[in-house]
Amino acid sequence: MLKPILLVEDDPRDLELTLVALERSQLANEVIIVRDGEAALDYLGRSGEYANRAEGNPAVVLLDLKLPKVNGLEVLQTVRSTEGLRSIPVVMLTSSHEETDVLRSYQLGVNAYVVKPVEFKQFVEAIADLGIFWAVLNEPPPGSLRSARRRHD
């Protein structure tokens, strides 16, 4: 069973572009969409409206930096400081080129920092590459469901 991709994006245009790009990459993973940092933390922590969701972590979190309620850096910090969540790959997917944002993201343990390209074709290619990398090519940490399956193949 494929793990879902958690997409945390509040901008409707960027959300639509990201979904189109993921669809074009032909990944079979379900994409869970949340529109703010608080909802992302509820999903990851199985609380609030997500209290009854199935157990397990997403394959990757595609996280916008500038979010309502709880910003992307705060979400990242919570993920990295929470046992059971810290091994989830997190990709900061943002329009910010600010050096302080890049540095802070890496200091907090982001796996990748991707600046959203302005041009649609570049954006689609960037998202497709991310989706394929994190869902198919990335080697998960020992003990995760996918790595356990690989040992038995």
Side-chain angles (χ1 to χ4, degrees), residues 2-25 27 29-48 50 53 55-120 122-147 150:
L2 290 173
K3 292 173 149 191
I5 294 170
L6 179 61
L7 173 57
V8 189
E9 177 61 70
D10 65 316
D11 183 281
R13 183 175 168 269
D14 287 349
L15 176 62
E16 186 62 32
L17 289 175
T18 305
L19 290 173
V20 167
L22 286 170
E23 186 178 304
R24 287 190 182 178
S25 67
L27 293 174
N29 304 65
E30 177 186 8
V31 178
I32 307 296
I33 301 163
V34 295
R35 305 299 293 264
D36 61 64
E38 183 178 279
L41 292 173
D42 282 350
Y43 179 86
L44 292 167
R46 298 178 68 225
S47 61
Y50 300 101
R53 78 163 176 86
E55 286 189 37
N57 290 327
V60 64
V61 177
L62 302 179
L63 181 63
D64 190 18
L65 186 65
K66 295 173 174 60
L67 294 167
K69 298 185 182 179
V70 178
N71 73 40
L73 291 173
E74 293 168 314
V75 171
L76 176 61
Q77 186 169 23
T78 300
V79 167
R80 291 299 181 244
S81 64
T82 303
E83 188 66 40
L85 299 180
R86 65 176 53 118
S87 65
I88 300 171
V90 178
V91 176
M92 198 63 77
L93 187 59
T94 181
S95 54
S96 174
H97 290 272
E98 295 294 321
E99 188 175 323
T100 55
D101 290 336
V102 177
L103 286 172
R104 187 71 182 131
S105 295
Y106 279 110
Q107 288 168 348
L108 291 173
V110 78
N111 295 87
Y113 189 100
V114 178
V115 177
K116 298 173 189 172
V118 178
E119 218 177 284
F120 176 72
Q122 288 179 309
F123 186 80
V124 168
E125 289 171 358
I127 296 299
D129 289 347
L130 275 176
I132 289 168
F133 178 78
W134 290 109
V136 179
L137 302 174
N138 183 52
E139 183 65 33
S144 71
L145 184 61
R146 205 171 101 212
S147 69
R150 279 195 183 153

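Quantities reported herein were computed from a predicted structural model and do not represent experimental measurements.
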For a quick test of your reading: what N or O donor-acceptor pairs under 3.5 Å do the side chains of residues 58-74 make, sequence neighbours left out?
from	atom 1	to	atom 2	distance (Å)
Asn71	OD1	Leu73	N	2.9
Asn71	OD1	Glu74	N	2.8
Glu74	OE1	Asn71	N	2.9

Mind jotting down which residue pairs meet the salt bridge (Lys or Arg N to Asp or Glu O under 4.0 Å) criterion with at least one end in residues 14-23? Sequence neighbours excluded, please.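 Listed by first then second residue: Asp14-Lys116.
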Heavy-atom closest contact (Val110 atom, Val90 atom, distance):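 So the minimum-distance heavy-atom pair works out to CG2-O, 3.2 Å.
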Could you pull out the closest heavy-atom pair between Val34 and Tyr50, with the gap in Å?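 The answer is CG1-OH, 3.3 Å.
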Looking at residues at least two apart in the chain, or sitting in another chain, which of them share a side-chain contact (heavy atoms from CB on, under 4.5 Å) with [X]?
| X | result |
| --- | --- |
| Ser81 | none |
| Leu15 | Leu7, Glu9, Leu19, Ile33, Arg35 |
| Gln107 | Arg104 |
| Arg86 | Glu83 |

Check for a donor-acceptor pair, side chain of Asn57 on one end and backbone N or O of Gly84 on the other, with a separation under 3.5 Å.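 Yes, because the side chain of Asn57 sits within donor-acceptor range (under 3.5 Å) of the backbone of Gly84.
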Atom CZ of Arg80 and atom OG of Ser87: how far apart are they, to the nearest 0.5 Å?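 Interatomic distance, Arg80 CZ to Ser87 OG, rounded to 0.5 Å: 8.0 Å.
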With a 3.5 Å cut-off and sequence neighbours excluded, list the donor-acceptor pairs that the side chains of residues 37-47 form with protein atoms.
from	atom 1	to	atom 2	distance (Å)
Asp42	OD1	Ser47	OG	3.2
Arg46	NE	Arg53	O	3.1
Arg46	NH2	Arg53	O	3.0

Set of residues satisfying side-chain hydrogen bond (donor to acceptor under 3.5 Å, both in side chains) with respect to Asp101, sequence neighbours excluded: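 For Asp101 the side-chain hydrogen bond (donor to acceptor under 3.5 Å, both in side chains) partners, ignoring immediate neighbours, are Ser96.
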Thr94: side-chain hydrogen bond (donor to acceptor under 3.5 Å, both in side chains) partners, not counting sequence neighbours: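 Thr94: no side-chain hydrogen bond (donor to acceptor under 3.5 Å, both in side chains) contacts found.
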By ring-ring contact (aromatic ring centres under 6.0 Å, His included) - contacts of Tyr113 (at least two apart):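 Tyr113 satisfies ring-ring contact (aromatic ring centres under 6.0 Å, His included) with no other residue.
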